[in-house]
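A quick write-up on the structure given underneath.
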Amino acid sequence: MSELTIYNTYSRQKELFVPLTQDHVGMYVCGPTVSGESHLGHARPFITFDVIYRYLLHLGYKVRYVRNITDAGHFEEEGREAEDKISKKAVIEKLEPMELVQKYTNLFHWAMLQFNNLEPSIEPTATGHIVEQIEMIKKIMEDGYAYETNGSVYFDVKKYADKYPYGKLSGRVLDDLIETTRDLENQEEKRNKQDFALWKSAPPEHIMRWSSPWGEGFPGWHIECSAMSTKYLGDRFDIHGGGMDLIFPHHESEIAQSTVCNHEMPAHYWVHNNMITINGKKMGKSYNNVIRLTELFSGRNPLLTQAYSSMTIRFFILQTHYRSTLDFSNEALQAAEKGLHRLWCAYLDLKNLVYEPSKKREEALERQFYDSCREMDDFMNDDFNTAKVLANLFTLVNPINSFKSGDLEKSTISQECLDFTKTYFRNYIEHILGLRDENDPQNDRLKGVMELLMDIRRDARGKKDFVTSDKIRNQLARLGILVKDEKDGKVSYNFE
RNA sequence: GGUUCCGUGGCCGAGUGGUUAGGCAGAGCUCUGCAAAAGCUUCCACAGCAGUUCGAAUCUGCUCGGGACCUCCA
């Protein structure tokens, strides 16, 4: 069997995955900024890294998965004042900053549950680690790579670049950066344009503020991730993940901070997911084309022709390799919805297939089952190619359906092969890809009622009482429940 | 402007030298009380041009088009 290889943004190639500590993996993923509602674009990294987390667990690793909550608010440069994003909105909505943070944190957790994402091992908050961030800044200053101006502290990029390969992750050349860096306010506080803030002095109107050796202020753009990853995963850990748009400046800065502080490159493998686009453009606030997750689930957004379930979105995202852009459209989502439904029905049917012994055996078919299953391991090992995994699952949907309908005799594959396939489907569909049944009636009473209705329809059809049987089917259809007459005379149903 | 990635059939998307990706949609057939579902068969492709090669969607060059980052951003 193949071994796991991961594309490392730092080296720009796929590398064999070798954990720093045998059998253990440390993974840090940049989490949400809880100053607003998550949108479809935000869903991608968390689903991508959930699958990576699940796969590492499947391989038997003990994984510590750290995903932060950014609740301190990275400031934006708007107009003349640098403002704390969270505080600014808090004023508009007349809420306490922490009330806002709590609200959106809860909403984020709710969305993660909808997507069936496993909880990270540790979910640290930026505001809970101000002390660690200040300590880190002090260390960087002691080493001479940061300086204070007017109560703010800046990282000296130029000095760092003299000794370390600044820009390697993002493929940037320092001299180019100086030329292309946009003119920002307060530049005069910096020695060089490309320097970035470790600590910012808080103006009087700033609500979120903490005491520091440099006066009252708040942490800079990138220091929280360096401080928290160091604290929970150590100076050096295996995987650092996030969206591609974080490569520069966020991750580049993180590398610089951690390298000075810990004398080590923080992460071994830098993994970045690509963007979700809409009409070819990245989904983002500045483009005014965001679809919030709550809107996606409810269908209430002008861009949507219908609501989409969380599993449809998860499936949609996994049908594409994580490093490719994924273009949103209603057509594509609807295709995903139907595809997932077909896959899930076949999966349920597979679970219920019972081996029937006979002499007949089709070697080629049996080999197809074994090969298609085993190939999925190779696909996942090849930089988590979930698109190919799904393709293979689908190639087995046809024969599974044929077994069920009787077009193919079940005995054409062996008991062993059938069990093998069942195990692989369960592992991949539920444990690794993290899909789950959305149609299962939540309570037993409803289940009982549905079975009764199905019984009545079956009996009515048996008596050729089509008035009754049609009534059941038509009425249920209006409620969004699809009734199917199976080949074997049974009647089944699906919640749409 | 700098850096970088991409351009695959009606739509979404795998795929890096020779082999069916896959999903959705379309067409025909089978099954069915009628449906639905399912199965079988089938149509549609590699932006353009030139080159390398026995052979290219896959490598090289050019042209055209688009995206991302350079600023908070998943």
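Convention: sequence-line order gives letters A, B, ...; per-chain numbering from 1.
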Task: No-H, no-angle donor-acceptor pair, A:Asp470 side chain to B:G33 base, under 3.5 Å - done: yes
Sugar-phosphate only, base, or nothing, as touched by [X] at under 4.0 Å among non-hydrogen atoms:
X        : result
A:Tyr287 : sugar-phosphate
A:Met275 : base
A:Lys404 : nothing
A:Phe466 : base

Open item on the list: Treating primed atoms plus P, OP1 and OP2 as sugar-phosphate and everything else as base, which nucleotides of nucleotides 3-11 of chain B get B, S or - for protein heavy atoms under 4.0 Å?
Closed with: S-------S
Task: Letter per nucleotide, 5' to 3', of nucleotides 36-43 of chain B [B base touched, S only sugar-phosphate touched, - untouched; heavy atoms, 4.0 Å] - done: BSSSS---
TODO: Compare the ring of A:Phe46 with the six-membered ring in the base of B:A74 and state whether they stack (centres under 5.5 Å, planes under 30°).
DONE: no
Can you run down the salt bridge (Lys or Arg N to Asp or Glu O under 4.0 Å) pairs that involve [range], sequence neighbours left out, and say none if there aren't any?
range                       : answer
residues 301-323 of chain A : A:Asp50-A:Arg314, A:Arg323-A:Asp383
residues 325-342 of chain A : none
residues 470-480 of chain A : A:Asp470-A:Arg473

Do [X] and [Y] have side-chain N/O donor and acceptor atoms under 3.5 Å apart?
X        : Y        : result
A:Glu254 : A:Ser226 : no
A:Glu224 : A:Asn68  : yes
A:Thr325 : A:Asn274 : no
A:Asn381 : A:Tyr55  : yes
A:Asp465 : A:Thr468 : yes
A:Arg172 : A:Ser170 : yes
A:His222 : A:His251 : no
A:Ser11  : A:Glu15  : yes

Using the [atom1] atom as the reference point in each nucleotide, state the distance between [N] and [M] in Å, no decimals.
N     : M     : atom1 : result
B:A25 : B:A38 : P     : 9 Å
B:C44 : B:G26 : C1'   : 10 Å
B:U53 : B:G48 : P     : 22 Å
B:A56 : B:C49 : P     : 14 Å

Selected nucleotide, minimal atom distance to [X] side chain, candidates [options]:
X        : options             : value
A:Asn385 : B:A74, B:G15, B:C12 : B:G15
A:Phe248 : B:C69, B:C12, B:A74 : B:C69
A:Lys388 : B:A74, B:C34, B:A14 : B:A14
A:Lys338 : B:C24, B:A14, B:C69 : B:C24

Open item on the list: So, using side chain to side chain donor-acceptor pair (under 3.5 Å) as the criterion, who are the partners of A:Tyr347 when residues are at least two apart?
Closed with: A:Glu430
Task: Contacts of type side chain to side chain donor-acceptor pair (under 3.5 Å), residue A:Asp407, not counting sequence neighbours - done: A:Ser405
Open item on the list: Checking A:His129 now: which residues fulfil ring-ring contact (aromatic ring centres under 6.0 Å, His included) with it, not counting sequence neighbours?
Closed with: A:Tyr232
Task: For A:Tyr370, ring-ring contact (aromatic ring centres under 6.0 Å, His included) partners two or more places apart - done: A:Phe420
Open item on the list: Within residues 457-464 of chain A, which residues have any heavy atom lying less than 4.0 Å from an atom of RNA chain B?
Closed with: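 Those residues are A:Arg457, A:Arg461.
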Task: Sub-4.0 Å heavy-atom contacts from residues 311-319 of chain A onto RNA chain B, ordered by number - done: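 A:Gln319 - these, ordered by number, are the residues of the stretch whose heavy atoms sit under 4.0 Å from the strand.
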- [ ] Please state whether the phosphate of B:A14, meaning OP1 or OP2, lies under 4.0 angstrom from any side-chain nitrogen or oxygen of A:Tyr322.
- [x] no
Task: Evaluation steps, side chain to side chain contact (heavy atoms under 4.5 Å, CB included), between A:Ile429 and A:Leu343 - done: CA-CA 9 Å; A:Ile429 292 178; A:Leu343 176 65; 4.3 Å; yes
- [ ] Find which nucleotide of RNA chain B each of A:Asn392 and A:Gly280 is nearest to by heavy atoms, and output the residue with the more 5' nucleotide.
- [x] A:Asn392
Task: Strand RNA chain B as a dot-bracket string - pairs counted if Watson-Crick or G-U with both distances under 3.5 Å, | where the partner lies in another strand - done: (((((((..(((.....[...))).(((((.......)))))....(((((..]....))))))))))))....
- [ ] Tell me, yes or no, whether the heavy-atom count around A:Lys422 atom NZ, taken from other residues, nucleotides or ligands under 6.0 Å, exceeds 12.
- [x]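 More than 12 heavy atoms, drawn from other residues, nucleotides or ligands, come within 6.0 Å of this atom.
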